[in-house]
Amino acid sequence: MQKEKKLKPSKELPSGFVDRQETELLIRDFVISNIKEVMIKYGFQYLETPSFEYTDSIGKFLPDKERPGEGVFSFKDENKWISLRYDLTAPLARYVAKNFNEIPKPFKRYQLGTVWRNEKPGPGRYREFLQFDADFVGTNSLQADAELCVLISEILERCGLDKSDYTVKISSRKFTNNLFKKLNINSDEQKTTILRALDKIDRLGWNEAQKLLGEGRKDKSGDYTKGANLKNDEIKIIENALKINEPDTEDILEIINIFKAYNFKNYKFDPSVVRGLEYYTGPIFEVNLNFEVKNLKGQTIQFGSIGGGGRYDNLVSNFGNLDYPATGISIGLDRVIFALMQKKDFKLKATRPIMICVFDKNNIKKYVEILNKLREANISSEIYPGEGKIKKQMERANKIECPGVIFYGDDEIKKAEVKFRNLKTGKETSIKVENLTNEIKRLI
RNA sequence: GCACGAGUAGCUCAGUUGGUUAGAGCAGCGGUUUGUGGAACCGAAGGUCGGCAGUUCGAAUCUGCCCUCGUGUACCA
């Protein structure tokens, strides 16, 4: 008889997906609670939309392909393609269009949620991650744009970052549009290539980035990227345009003016900020960290921005509601958390239970009596989930860092008292059952 | 997608120019201690050496292809 091959299920995770452990989750909870407090303070409504949307509602993906929309997770549901959302902005536009008559105008909402992207994972970049979005819908006022920058700063600082740790960069589509006019560039393809090159100045430096404006660039791995084929004098014009310290577009000037009213200073005008080419129409923002971020192996990695946004005046009108302007900002919470864990020594400790040792499983009733007293007093507690040697039980309690254990064996039961051992100090105290909770609270 | 690097026990890694039954530390399990953790000691267990094919008398080691992970780069709503 043939030996059957054991087909063990894989214990590996799909590429780009990760388990998240308690230390990270505690920081996440902390960040989220800060976000909620700030958003309430700034007067935003809380919204949640589903993970799935009809594919054509959240993107321009064509359903005639085998699998629509490279980059998103999609499947066919009763002959209609649906996709896991890849951001929170597209669902917002859909929500606004759908509930157009009911929502207050302008509409301010914030949303926290997981988003999915079917693309190659990178450092600090997964295929499933948590995003936070705050948007103003239905207003042209640049006060909204300005306030988004102010609010994001307040959130980051509440989470423990200093002003020197991050910068909010601002720019405007209008700046690059003016530049294109000046250079007499009309080809969309060329515009896109130029914008992408500008976007890389930060990371590559001007010398490398300008190769992308010209013929092209070979990176250190040997990969070649075609450039925008601008002439040297045209590149020079761009170089000079980028050098200006003072913004020359009205929208940015106005935003900066509003910043002054808010006494907000931690911004920088940076015309090389580009962001999403598809839909931003006016001012754009990007939040960057000013410190190095390392991966688990201790290597410094290209971390990129932790968030950004801008004005997208066409998104809602795509659904047929005409002329509905919007502006928003989003941050990648996992990235913020990853960076925060390196920057700050968080003292967020998980709560661990007091553990009642099991001497004899026939005494379960006795143990539960003690357990109930503790739990009624809202003291985290448990009965050792199993049976076996006390040594084993102690080892586990030690490993999960219980504050203490309770011994309630035959001797103690007879005397109507428990023996409490503080696991940090090793000190043991006998406590009358009737004084149990007060004494325990005192001893931990 | 392209490039470079890496895959050996649950984890971190060693493994000489190809040579018998592939090692260590930690973790886990059992014991020294049948009611007391963190330490020590003893013992047993744990591996298709990422996969497939090839070269060879012989492959963890050499070659090819594939997979996965990491980093860079491209794309990024």
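In what follows, chains carry the letters A, B, and so on, assigned in the order in which the sequence lines appear, proteins first and then strands, with residues in each chain numbered from 1.
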The side chain of [X] is closest to which nucleotide in this list: [options]?
X	options	answer
A/R421	B/C75, B/A74, B/G37	B/G37
A/Q302	B/U73, B/G38, B/U36	B/U73
A/V72	B/A77, B/C76, B/G72	B/A77

Compare side-chain N and O positions of [X] against OP1 and OP2 of [N] and report whether any pair is under 4.0 Å apart.
X	N	result
A/R203	B/A74	yes
A/K120	B/G72	no
A/R196	B/C76	yes
A/K424	B/G37	no
A/N295	B/G70	no

Find the distance [X]:[atom1] to [N]:[atom2] and express it as a whole number of Å.
X	N	atom1	atom2	answer
A/K427	B/G37	NZ	C1'	18 Å
A/K391	B/U36	NZ	P	9 Å
A/Y384	B/G35	OH	C1'	14 Å

Exercise for review: May I ask you to say what A/K399 touches in the nucleic acid, namely base, sugar-phosphate or nothing, with a heavy-atom cut-off under 4.0 Å?
Suggested key: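 Sugar-phosphate only.
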Practice item. Map A/F303 and A/P14 onto RNA chain B by nearest heavy atom, then report which one ends up closer to the 5' terminus. Key: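 Looking at the nearest nucleotide for each, A/P14 comes out on the 5' side.
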**Study point:** Check: A/F100 ring centroid to A/F319 ring centroid under 6.0 Å
**Key:**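 When the ring centroids of A/F100 and A/F319 are compared, they turn out to be at least 6.0 Å apart.
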Check your understanding: Does A/F44 have its ring centroid less than 6.0 Å away from the ring centroid of A/F136?
Key ->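 Yes: the rings meet the under 6.0 Å criterion.
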Exercise for review: Taking atom P in both B/G15 and B/G19, compute the distance separating them and give it to the nearest angstrom.
Suggested key: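 Going atom to atom, P in each nucleotide, I get 13 Å.
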